[in-house]
Number of protein chains: 2
Amino acid sequence: MASIKDVAAEAGVSVATVSRVLNDHPSVSDDARTRVLAAVQTLGYRPNAVARSLRTDQTRTLGLVISDVMNPYFTELARSVEEAARALGYSVIIGNADERPDLQDHHVRTLLDRRIDGLLVSPTDGGSPLMLEAARAGTPMVFVDRWIPGVDVPVVRADGQAAIRDLVAHLCRLGHRRVAIIAGPAATTTGSERVRAFREALAEHGVPLPDAYTGQGDFQAESGRRVTEGFLDLPEPPEAVFAADNLMALGALDAIRARGLRVPQDIALAAFDDIPWFVHTDPPVTAIAQPTGELGRAAVRALVDRIEGRHPRSVTLPARLVVRRSCGEGRDEHQTPVQRSTS
Amino acid sequence: MASIKDVAAEAGVSVATVSRVLNDHPSVSDDARTRVLAAVQTLGYRPNAVARSLRTDQTRTLGLVISDVMNPYFTELARSVEEAARALGYSVIIGNADERPDLQDHHVRTLLDRRIDGLLVSPTDGGSPLMLEAARAGTPMVFVDRWIPGVDVPVVRADGQAAIRDLVAHLCRLGHRRVAIIAGPAATTTGSERVRAFREALAEHGVPLPDAYTGQGDFQAESGRRVTEGFLDLPEPPEAVFAADNLMALGALDAIRARGLRVPQDIALAAFDDIPWFVHTDPPVTAIAQPTGELGRAAVRALVDRIEGRHPRSVTLPARLVVRRSCGEGRDEHQTPVQRSTS
DNA sequence: CCTCCTCGTGGAATCGATTACACGGTTGCG
DNA sequence: CGCAACCGTGTAATCGATTCCACGAGGAGG
């Protein structure tokens with residue numbers, strides 16, 4: 001592959017001049033410029049980004065470590081992050097942690113080794129030494145969706161508290177008194193906060209949330225299935241189940257079907273994170289929708305601010321309840337076109 | 001950030017010795033080794049992958065350019081590719097083309113600039129000059145799922161022909177004679193091959209596939225919706241619709257619901273690409289499942305073979321029909337656990 | 001006419017690693 | 001005892017860019 005030296009030789013100038021042309025530095029004669037451009041053309045020269053990064057100490061690359069690519073919520077987040085980054089001239093390298101702290105560390109490590117300019121993380125756990133150290137060392141970093149408490153890193157997230165309160169009101173209005181939750185890992189903020197918000201909202205309606213109705217999941221479908229089976233085995237099973245993410249809701253749906261039970265007649269179901277498929281499940285699932293695209297854009301904006309030396313503030317956007325039929329009442333969305341973020 | 005020089009100074013040795021320790025080269029004294037390791041520890045040194053890549057001319061990175069991340073099929077493919085690559089010591093950089101040739105080119109370009117060791121592509125179109133040139137220039141490359149005819153690059157894909165024949169048999173057995181297809185872009189191999197296989201299979205049953213029943217989609221949900229509306233507006237609408245990918249099936253479902261029609265009573269639906277959600281849609285959707293995980297692994301294996309100088313052959317794996325209720329008959333999968341690839 | 005800028009250009013240092021080569025000191029074998 | 005092989009180590013070249021500095025030419029101004 002042709003290097004800058006080859007171009008310089010072909011054009012009959014020095015490498016310095018070639019570099020200046022390529023970075024459109026003002027002081028280059030028109031003559032030299034055209035000769036260089038011609039040489040670039042004939043050699044099919046493409047600048048080596050690796051060499052450039054070494055010299056300039058910047059890669060124009062962002063790292064994004066997410067907890068689970070197979071979760072449509074994170075997929076959409078990744079998509080909007082890449083889009084926003086591209087608009088600002090950055091590339092994105094995605095690392096999929098699969099909800100495993102060791103994998104998360106692996107990705108953070110390789111991204112750091114590659115000298116990415118900044119890191120966007122949705123932490124799987126309470127924070128490994130590696131990540132804590134990176135944050136302390138001043139690596140530009142922004143948490144998105146989930147965060148690690150006590151670390152001085154901006155957080156971009158959606159606040160589900162109000163929406164969860166709406167959901168609880170909806171459940172109570174429909175007469176459900178025995179409601180359960182499938183929680184995410186306690187080590188994640190979204191894992192614990194959603195339970196807390198749910199419990200508090202229930203308390204406002206005088207409804208308790210016993211331990212037996214608080215299942216421990218890990219944000220993966222299989223755990224939703226397992227926890228739901230536990231609920232159904234209870235002498236007094238819950239009348240409604242709230243899954244803290246969409247995959248666990250899918251697992252719950254599986255478990256309920258496996259018993260031959262019907263939603264919502266036999267048991268109500270709701271989920272955190274709305275996805276296009278929830279419109280078409282049987283029945284359509286009531287869910288809490290995050291402004292995913294806006295979240296991704298805000299996260300990139302914050303991270304690039306940090307990279308460029310500014311000090312962005314944390315951003316919290318509201319989530320909202322989307323009522324469908326899985327809790328009993330609720331309209332159907334026959335007319336709604338499939339949701340897609342803007343291109 | 002500490003460099004190899006700092007480590008050398010701290011350990012009281014030369015940079016060469018530090019490098020030898022880090023790459024565990026045999027001829028280093030135990031004494032030097034321990035001193036270097038200690039220095040690495042105290043300085044928190046991490047080798048700069050950028051510098052290393054520049055020198056060694058390899059990045060241990062694979063590029064993966066897929067047509068659409070929001071499509072669960074490609075998400076799963078990406079996941080299995082990353083997993084297989086990681087096992088071989090490679091990282092993966094994913095580029096999402098969003099079914100747009102210009103975006104695809106953008107990603108190929110940046111990946112090439114980064115000097116990735118090899119490229120895995122599922123082309124959105126018939127092949128841009130850039131990609132053709134890269135292939136000709138000898139960039140290690142493998143096509144996955146889709147390919148560009150006439151280019152000497154190994155292809156890893158699933159053959160849906162047999163499964164499509166099974167599907168057609170299934171449709172005919174249920175008495176459907178007016179069947180339509182929502183095709184993908186003709187410029188993609190999967191776009192045209194699936195139509196061809198479908199048409200041929202229908203011919204075997206003496207069923208024609210008129211132009212009016214051949215809708216042109218682009219593998220995105222919205223196009224499935226639009227095409228399906230066209231079908232429903234026909235004086236004689238089809239009795240069954242086959243969508244060439246899962247997103248267009250989702251769009252079709254939308255359009256059908258919007259008219260207040262029921263699947264499968266009013267119209268049958270089937271899709272190419274099976275995804276976990278199809279089990280839970282209303283009704284569960286009959287689909288053709290590709291061995292996605294195996295596809296990803298085979299693709300990585302082939303690409304790494306090419307990188308290491310060997311000459312891998314193309315791989316074709318069989319797809320299979322999964323019958324559910326959306327075409328009329330078909331069992332339900334209440335007992336089936338949620339599908340996930342192995343971790 | 002001389003000095004001082006400005007402008008276009010090239011030489012060379014630099015980024016952080018790897019690695020060929022040289023060198024001094026042991027060790028082994030004849 | 002002497003020569004060769006070997007071992008551990010350091011010096012320096014190298015990868016492909018960017019960029020500081022110097023230099024020569026030419027124009028402006030005194």
Side-chain angles (χ1 to χ4, degrees), chain A residues 1-37 39-40 43-61 89 91 109-117 137, chain B residues 1-40 43-61 89 109-117 137:
Chain A
M1 178 140 271
S3 85
I4 196 170
K5 270 188 207 146
D6 304 315
V7 177
E10 172 82 15
V13 296
S14 73
V15 293
T17 301
V18 176
S19 176
R20 279 190 274 259
V21 170
L22 264 30
N23 296 284
D24 42 37
H25 184 94
S27 70
V28 184
S29 67
D30 285 348
D31 176 52
R33 168 167 290 113
T34 45
R35 291 220 310 283
V36 168
L37 260 21
V40 165
L43 295 176
Y45 168 74
R46 308 243 73 230
N48 185 327
V50 175
R52 179 193 303 240
S53 293
L54 177 60
R55 185 59 237 256
T56 61
D57 201 35
Q58 53 159 331
T59 51
R60 293 212 69 90
T61 300
S91 299
R109 202 181 334 265
T110 50
L111 289 170
L112 254 25
D113 285 356
R114 269 156 196 278
R115 301 297 193 266
I116 43 134
D117 294 341
Chain B
M1 179 138 270
S3 85
I4 196 170
K5 271 189 206 144
D6 304 315
V7 176
E10 172 81 15
V13 296
S14 72
V15 293
T17 301
V18 176
S19 175
R20 279 190 272 258
V21 171
L22 266 29
N23 297 285
D24 42 37
H25 185 94
S27 70
V28 184
S29 67
D30 284 350
D31 177 52
R33 168 167 289 112
T34 46
R35 291 222 309 285
V36 168
L37 260 20
V40 165
L43 294 177
Y45 168 74
R46 309 244 72 230
N48 185 326
V50 175
R52 178 193 302 239
S53 293
L54 176 60
R55 185 58 237 256
T56 60
D57 201 37
Q58 55 159 330
T59 51
R60 294 212 68 91
T61 301
R109 203 182 334 265
T110 50
L111 289 170
L112 254 25
D113 285 357
R114 273 156 190 277
R115 301 299 194 265
I116 44 137
D117 294 341

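Each chain gets a letter, A, B and so on, in the order its sequence line appears, and its residues count up from 1. All values derive from a computational prediction rather than experimental measurement.
- Residue B:Ala8 comes nearest to B:Val18 through the heavy atom pair CA-CG2, 3.6 Å, listed as atom of the first residue, atom of the second, then distance.
- Separating the NE2 atom of B:His25 from the P atom of D:dT9 is a distance of 11 Å, rounded to the nearest angstrom.
- At a threshold of 4.0 angstrom between heavy atoms, the contacts of A:Ser3 are confined to the sugar-phosphate backbone, with no base atom among them.
- When rounded to the nearest whole Å, the span between CD1 of A:Ile4 and P of D:dT19 equals 11 Å.
- Using a 4.0 Å heavy-atom criterion, one finds that A:Ser19 contacts the bases of the nucleic acid, with or without backbone contacts as well.
- A:Asn23 approaches A:Arg52 most closely through the heavy-atom pair OD1-NH1, 3.6 Å.
- Listed nucleotides D:dA17, C:dA17, D:dT9 differ in distance to B:Ala32; the shortest reach to its side chain belongs to D:dT9.
- B:Ser53 and A:Val50 make their closest contact through CB-CG1, 3.9 Å (heavy atoms, listed as atom of the first residue, atom of the second, distance).
- When each of B:Val40, B:Leu43, B:Val36 is paired with B:Glu10, the side-chain contact (heavy atoms from CB on, under 4.5 Å) condition holds for B:Leu43 and for no other.
- D:dT19 atom C1' lies 14 Å from atom CD of A:Gln58, rounded to whole Å.
- For the pair A:Asp30 CG and C:dT9 P, the computed distance is 9 Å after rounding to whole Å.
- Atom CG in A:Leu54 sits about 9 Å away from atom P in C:dA17, given to the nearest Å.
- Bending across the helix from C:dC1-D:dG30 to C:dG30-D:dC1, expressed as the angle between its end axes from five pairs apiece, amounts to 50° (10° rounding).
- Using a distance-only test at 3.5 Å, with no hydrogens or angles considered, a donor-acceptor pair links the side chain of B:Arg60 to the main chain of B:Gly89.
- Residue A:Ser91 holds its OG atom at 10.0 Å from CG of A:Asp117, rounded to the nearest 0.5 Å.
- Across all strands shown, B:Ser29 has heavy atoms under 4.0 Å from sugar-phosphate atoms exclusively, and none from any base.
- No hydrogens or angles were tested; on distance alone, a donor-acceptor pair under 3.5 Å links the side chain of B:Arg20 to the base of D:dG10.
- Across all strands, B:Ala49 comes closer than 4.0 Å to no nucleic acid atom at all (heavy-atom distances).
- Ion pairing between B:Asp31 and B:Arg35 holds under the 4.0 Å rule for side-chain N and carboxylate O.
- Which of D:dC15, D:dT11, C:dC15 sits closest to the side chain of B:Ser14 comes down to D:dT11.
- Of all nucleotides listed (D:dG10, C:dT9, D:dA17), C:dT9 comes nearest to the side chain of A:Ser27.
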Verdict with reasoning, B:Asn48 to B:Ser3, per side-chain contact (heavy atoms from CB on, under 4.5 Å): CA-CA 8 Å; B:Asn48 185 326; B:Ser3 85; over 6 Å; no

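- For the contact set between residues 109-117 of chain A and DNA chain D, defined by any heavy atom under 4.0 Å, there are no members.
- Across all strands, B:Thr56 comes closer than 4.0 Å only to sugar-phosphate atoms, never to a base (heavy-atom distances).
- The distance from atom CG of B:Leu37 to atom CG of B:Leu22, rounded to the nearest 0.5 Å, is 8.0 Å.
- Taking only distance into account, the side chain of B:Arg52 never meets the base of C:dT18 through a donor-acceptor pair shorter than 3.5 Å.
- Within the 4.0 angstrom heavy-atom criterion, only backbone atoms of the sugar-phosphate kind lie near B:Val13; the bases stay farther away.
- Between A:Tyr45 and A:Val7, the shortest heavy-atom distance links the atoms CG-CG2, 3.5 Å.
- Closest of all the heavy-atom pairs between A:Thr59 and B:Arg114 is O-NH2, 3.9 Å.
- Using a 4.0 Å heavy-atom cutoff across all strands shown, A:Asn23 reaches sugar-phosphate atoms only and no base atom.
- Distance CZ (B:Arg55) to P (C:dT14): 19 Å, rounded to an integer number of Å.
- Taking only side-chain atoms of B:Ala16, from C-beta outward, the nucleotide of C:dA17, C:dT19, D:dA17 with the closest atom is C:dT19.
- Rounded to an integer number of Å, the gap from CG of B:Asn48 to C1' of C:dC15 is 9 Å.
- Rounded to whole angstrom, the span from the CG atom of A:Asp57 across to the P atom of D:dA17 amounts to 18 Å.
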